[in-house]
Amino acid sequence: MYMIRNFINITGIAHEDELPIKINSQMIQYSDIETLFIPEDSPEIKSIYEIMVEVEIKSNRMIHSPLGNIIVIDGIKKYKIIYTENENNGKTNMQYLNVPYNTFIEFPNKQTSIPKIKVYILDAYFDLLAPRKIYSHTLYLVDVDSTSENNDLEIEDNAYSLDLKNNLETKENHKKALNEMVISKEMLKENRPIDHNNLVDIDAEYL
């Protein structure tokens, strides 16, 4: 979503329609403050026009502690900064920054697998403190869903069981129909009368 904060265009903020509508397992809201530094080999900033921000989760791990389980999340917070250079010509420049992102979630001991985790950025605020220094405040929503994986597996298992049942029933019907055909042929060979009451309607069997 696009918004303006402190006269800076900011993209990457989650729209309200993108947020989860219910708490599946757990939700955490928190914020952090950090200072972004422009490298020395890049031009200094005169004014910031736009900042794009995104959180990418790279890995996670579970720690079993006496008080419960802790899931540690490691990732990268990506910034794309568009600004005018601190020169007389006012040339526009673009700077990419990757900053480590880390957080953790506490779970009871009964949680034994890594759940589905998604990080939303609810709000971001930036301010130019110096030509190479940017103040950053970010508000996060961490959505944890430990039920989605189990539900998916249950659906797959049910689908597999249903397909297996249908296959077995189809094979059984085929076998029954073939047996009836063999019996009919043997009766014709021996010129025995055919009892139509005991014959099976093959079309009815398939329907």
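Predicted model only: the values in this text are computed from it and were never measured.
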message: Before you tell me yes or no, could you show the steps for Ile134 and Ile48 under side chain to side chain contact (heavy atoms under 4.5 Å, CB included), namely the whole-Å CA-CA distance, both residues' side-chain angles and the distance that decides it to 0.1 Å?
response: CA-CA 9 Å; Ile134 302 173; Ile48 302 174; 3.8 Å; yes
- request: Determine whether the side chains of Thr84 and Ser47 contain a donor N or O and an acceptor N or O closer than 3.5 Å.
  value: yes
field: Closest heavy-atom pair and its distance - Ile8, Phe126
entry: CD1-O, 3.7 Å
task: To the nearest 0.5 angstrom, please state how far the CG atom of Asn86 sits from the NZ atom of Lys91.
output: 14.5 Å
field: Heavy-atom side-chain proximity of Asp143 to Pro20 below 4.5 angstrom
entry: yes
- prompt: Is the ring centre of Tyr101 less than 6.0 Å from the ring centre of Tyr140?
  reply: yes
query: Hey, does Phe37 have a side-chain heavy atom less than 4.5 Å from the side chain of Lys133?
result: yes
- request: Kindly work out whether a path of hydrophobic side-chain contacts (I/L/V/M/F/W/Y, heavy atoms less than 4.5 Å apart) joins Leu129 to Val99.
  value: no
message: Grouping I, L, V, M, F, W and Y whenever their side-chain heavy atoms are under 4.5 Å apart, do Tyr30 and Ile73 come out in a common cluster?
response: yes
- request: Decide side chain to side chain contact (heavy atoms under 4.5 Å, CB included) for Glu50 and Ile81; before the verdict, give the C-alpha distance in whole Å, the side-chain angles of both, and the deciding distance to 0.1 Å.
  value: CA-CA 6 Å; Glu50 183 175 358; Ile81 305 171; over 6 Å; no
task: Identify whether Phe104 and Val142 are in the same connected component of the hydrophobic contact network (ILVMFWY, side-chain heavy atoms under 4.5 Å).
output: no
message: If you apply the rule side chain to side chain contact (heavy atoms under 4.5 Å, CB included), what do you find for Val53 with Thr138, and how did you get there?
response: CA-CA 10 Å; Val53 58; Thr138 309; 5.6 Å; no
query: Taking C-beta and beyond as the side chain, do Glu44 and Glu85 meet within less than 4.5 Å on heavy atoms?
result: no
- line: So CG of Asn6 and CG of Asp127: to nearest 0.5 Å the spacing works out to 4.5 Å
message: For a quick test of reading the model, state the closest non-hydrogen atom pair linking Ser42 to Ile38 and the distance between them.
response: CB-CG2, 3.8 Å
message: Under 4.5 Å between side-chain heavy atoms, counting indirect links through other Ile/Leu/Val/Met/Phe/Trp/Tyr residues: same cluster for Met62 and Val144 or not?
response: yes
query: Heavy-atom count around Glu16 CD within 6.0 Å, excluding the residue itself: above 12?
result: no
message: Surrounding OH of Tyr2 (heavy atoms of other residues, nucleotides or ligands, distance under 6.0 Å), is the total greater than 12?
response: yes
message: Could you tell me if the side chain of Lys46 sits less than 4.5 Å from the side chain of Glu87, heavy atoms only?
response: no
Asn9/Ile51 under side chain to side chain contact (heavy atoms under 4.5 Å, CB included): CA gap, chis, key distance, verdict: CA-CA 6 Å; Asn9 301 325; Ile51 296 181; over 6 Å; no
message: Taking atom CZ as the centre, does Phe7 end up with more than 12 heavy-atom neighbours from other residues, nucleotides or ligands that are less than 6.0 angstrom away?
response: no
message: Just so I know, are the side chains of Thr11 and Met3 near enough to count as touching, which here means a heavy-atom distance under 4.5 Å?
response: no
field: Other cluster members, Ile23 - Ile/Leu/Val/Met/Phe/Trp/Tyr, side-chain contacts below 4.5 Å
entry: Leu19, Met27, Tyr120, Leu122, Leu139, Leu141
field: Approximate separation, where rounding is to 0.5 Å, of Lys22 NZ and Asp145 CG
entry: 8.5 Å
query: Does any non-hydrogen side-chain atom of Val72 lie less than 4.5 Å from one of Asn102?
result: no
- prompt: Using the ring of each side chain (for Trp, its six-membered ring), is Tyr135 parallel, tilted or perpendicular to Tyr125, with breaks at 30° and 60°?
  reply: perpendicular
field: Salt bridge flag under 4.0 Å for residues Asp123 and Arg5
entry: yes
- request: Heavy atoms only: give me the nearest Ala124-Ile10 pair and the separation to one decimal.
  value: O-CD1, 3.2 Å
- prompt: For the residue pair Ile117 and Ile57, what are the closest heavy atoms and their distance?
  reply: O-CD1, 3.9 Å
- prompt: Counting N and O atoms only, with roles assigned by atom type, does the side chain of Tyr83 sit under 3.5 Å from a partner on the main chain of Pro43, one being a donor and the other an acceptor?
  reply: yes
task: For Arg132 and Pro39, indicate whether the former's side chain and the latter's backbone hold a donor-acceptor pair under 3.5 Å.
output: yes
Check: Met52 and Ile82 side chains under 4.5 Å, non-hydrogen atoms: yes
query: Which pairs with one or both residues in residues 27-38 pass salt bridge (charged side-chain N to carboxylate O under 4.0 Å, His left out), sequence neighbours excluded?
result: Asp32-Lys77, Glu34-Lys77
